[in-house]
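Structure first, then comments.
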There are 2 protein chains.
Amino acid sequence: MFSQSEENYIKAIYHLAVDSSVKGISTNAIAKKLATKASSVTDMIKKLSEKKVVVYKKYQGVTLTDFGKKTATNIIRKHRLWEVFLVEKLNFSWDEVHEVAEQLEHIKSPKLINELDAFLGFPKRDPHGDPIPDSEGNLQIIEKSLLAILNKGEEGICVGVDDTSSEFLQFLDKQEIALGKRIKVIEKEPFDGSFLIKIDDKELSISNKIANNLYIQK
Amino acid sequence: MFSQSEENYIKAIYHLAVDSSVKGISTNAIAKKLATKASSVTDMIKKLSEKKVVVYKKYQGVTLTDFGKKTATNIIRKHRLWEVFLVEKLNFSWDEVHEVAEQLEHIKSPKLINELDAFLGFPKRDPHGDPIPDSEGNLQIIEKSLLAILNKGEEGICVGVDDTSSEFLQFLDKQEIALGKRIKVIEKEPFDGSFLIKIDDKELSISNKIANNLYIQK
DNA sequence: AATAATTTTTAGACGTGACTAAAAATTATA
DNA sequence: TATAATTTTTAGTCACGTCTAAAAATTATT
């Protein structure tokens with residue numbers, strides 16, 4: 001069994017490893033992600049190393065063991081299932097779920113999470129489009145690309161977001177950009193990199209930054 | 001905001017106060033309830049006293065302030081709503097819910113709990129028949145009496161249990177005694193205090209101990 | 001290659017919540 | 001009422017998870 005604090009470290013290391021694809025995750029990177037100090041990270045890393053969750057060599061960062069990875073995906077599974085529950089059943093909007101899911105993901109009860117999964121109809125994605133690992137920890141990789149790489153005239157289905165901050169998600173709500181919607185690139189503006197796109201037969205302009213935070217499936 | 005530990009103490013003091021109706025709750029009683037040591041209780045009591053949750057005078061036990069009572073009923077509200085959720089939606093039996101609800105009751109999110117309440121249809125009782133406080137902390141007192149005080153020929157509706165241990169609840173399941181069922185006392189055996197009762201037109205004998213753990217409403 | 005800058009680790013401290021052992025206060029008993 | 005038994009508190013310690021400040025190791029720069 002792991003403490004909430006340990007679980008937060010495990011999750012942070014997992015996420016950093018996935019979207020950096022570097023062998024060793026640095027102490028500083030973890031500290032930054034968890035808004036804590038490097039010295040605290042060193043302490044925790046030692047403990048996780050003793051518990052066989054990570055492999056650690058001084059000054060060389062950490063790597064999750066298979067056990068550590070499985071632990072991480074299990075926490076992520078719980079987090080994402082709770083997010084689905086909050087949005088589908090309790091009328092939360094997608095920008096409100098994160099904080100609560102951060103708490104709920106630490107609840108210990110295998111029965112709870114498997115029943116919740118069934119109750120929700122075994123969802124494949126969370127409200128932000130991220131895949132939900134199965135109970136064995138397997139996570140299906142989803143083919144997705146940034147809207148920004150589409151060329152004029154190409155289109156795709158919106159399947160996820162990169163940035164999950166409230167500001168960004170609320171902006172998307174306001175523009176009526178949502179998961180599952182078909183987006184077509186009408187024009188790319190070379191000057192500022194902005195995009196003219198078409199959703200629901202309405203045209204709107206989005207900045208390059210937005211285009212780099214929206215995932216689509218061709 | 002209170003830590004999980006603080007919340008557990010507040011809840012324990014509340015429960016002890018309710019079903020003992022004594023002015024001051026003793027250090028030892030709290031220690032016993034929480035399976036901890038008296039010295040730990042003294043420490044925590046000092047902290048809760050500083051936080052205006054309890055009134056405390058050395059060697060004279062503690063009493064919850066109005067603020068403390070409100071905090072307690074709010075925790076109990078969360079606990080019982082989660083229990084309803086687990087039984088009604090996630091197929092938990094009434095003897096499995098306690099442990100998980102003990103964790104879920106500490107989740108901090110007013111929106112979560114109010115939406116959950118609505119999602120469940122504003123239930124009035126938890127799976128053990130205990131009343132669920134409203135969002136203002138008001139708890140409706142339910143008229144109930146022990147099955148044991150019924151006389152021969154009298155009957156009532158089963159509305160709750162006193163003991164909530166798995167053993168007892170599973171025993172009730174096995175005998176098909178459940179909340180809402182009509183129970184009639186056919187015979188009281190003076191020798192051992194056991195009861196011959198009728199449920200669903202079936203007669204069965206229950207011990208005096210069982211009769212003293214079942215609440216009915218006349 | 002030597003020095004500077006950065007990263008990482010160590011050392012020592014602190015708050016929380018727990019414990020043991022011993023002292024103090026209260027309550028019960030002879 | 002004096003003594004015994006019990007309850008409660010205090011004093012000191014400990015694990016967890018955090019921090020600051022300083023030392024050590026690594027990486028970058030000239």
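Convention: sequence-line order gives letters A, B, ...; per-chain numbering from 1. The model shown is predicted, which means the values in this text are computed figures rather than measured ones.
Within a heavy-atom distance below 4.0 Å of DNA chain D, no residue of residues 10-18 of chain A is found.
Atom-to-atom distance recorded for B:L120:CG and B:D126:CG is 12.0 Å, nearest 0.5 angstrom.
Remark: P of D:dC16 and CG of A:N8 are 17 Å apart, rounded to the nearest angstrom. Atoms OH (A:Y56) and C1' (C:dT9) sit 7 Å apart, rounded to a whole Å. To the nearest angstrom, C1' of C:dT8 lies 17 Å from NZ of A:K32. If you take NZ of A:K58 and C1' of C:dT10, they are 8 Å apart, rounded to a whole angstrom. If you measure from atom CE of B:M1 to atom P of C:dG15, you get 23 Å, rounded to the nearest angstrom. Straight-line distance from the CD atom of B:E6 to the P atom of C:dT16: 9 Å, rounded to whole Å. To the nearest angstrom, P of D:dC16 lies 16 Å from CD of A:E7.
Residues satisfying the side chain to side chain contact (heavy atoms under 4.5 Å, CB included) test with B:Q170, not counting sequence neighbours, are B:D95, B:S166.
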With 3.5 Å as the limit, what N/O pairs link the protein to nucleotides 18-22 of chain D?
residue, atom, partner, partner atom, Å
D:dT18, OP1, A:S5, OG, 3.2
D:dT18, OP2, A:Y9, OH, 3.3
D:dC19, OP2, A:T36, OG1, 2.5
D:dC19, OP2, A:K37, N, 3.2
D:dC19, OP2, A:S40, OG, 2.8
D:dT20, OP2, A:K37, NZ, 2.9
D:dT20, O4, A:S39, OG, 2.9

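Side-chain atoms of B:R77 and B:E136, non-hydrogen and from C-beta on, never get closer than 4.5 Å to each other.
In this model, the phosphate group of C:dT9 is not approached by any side-chain N or O of A:K46 to a distance below 4.0 Å at OP1 or OP2. The shortest distance between the side-chain N/O atoms of B:Y59 and the OP1/OP2 oxygens of C:dA23 is not below 4.0 Å. Look at B:N28 and you won't find any side-chain N or O under 4.0 angstrom from OP1 or OP2 of D:dT6.
Using a 4.0 Å heavy-atom criterion, one finds that A:T42 contacts the bases of the nucleic acid, with or without backbone contacts as well.
Between A:F171 and A:F168, the ring planes lie parallel to each other; the angle is under 30°, not in the 30° to 60° tilted range.
Seen from the ring of B:Y56, B:K46 does not count as a face-on cation partner, given the 6.0 Å and 45° thresholds. Cation-pi geometry between B:K89 and A:F119 is not met at under 6.0 angstrom from the ring centre and within 45 degrees of the axis.
In this structure, the side chain of B:K218 does not engage the main chain of B:I216 through any donor-acceptor pair within 3.5 Å. Proximity of a side-chain donor or acceptor of A:T36 to a complementary backbone N or O of A:K32 within less than 3.5 Å is not detected.
In this structure, B:K58 places its NZ atom where only 12 or fewer heavy-atom neighbours from other residues, nucleotides or ligands lie under 6.0 Å away.
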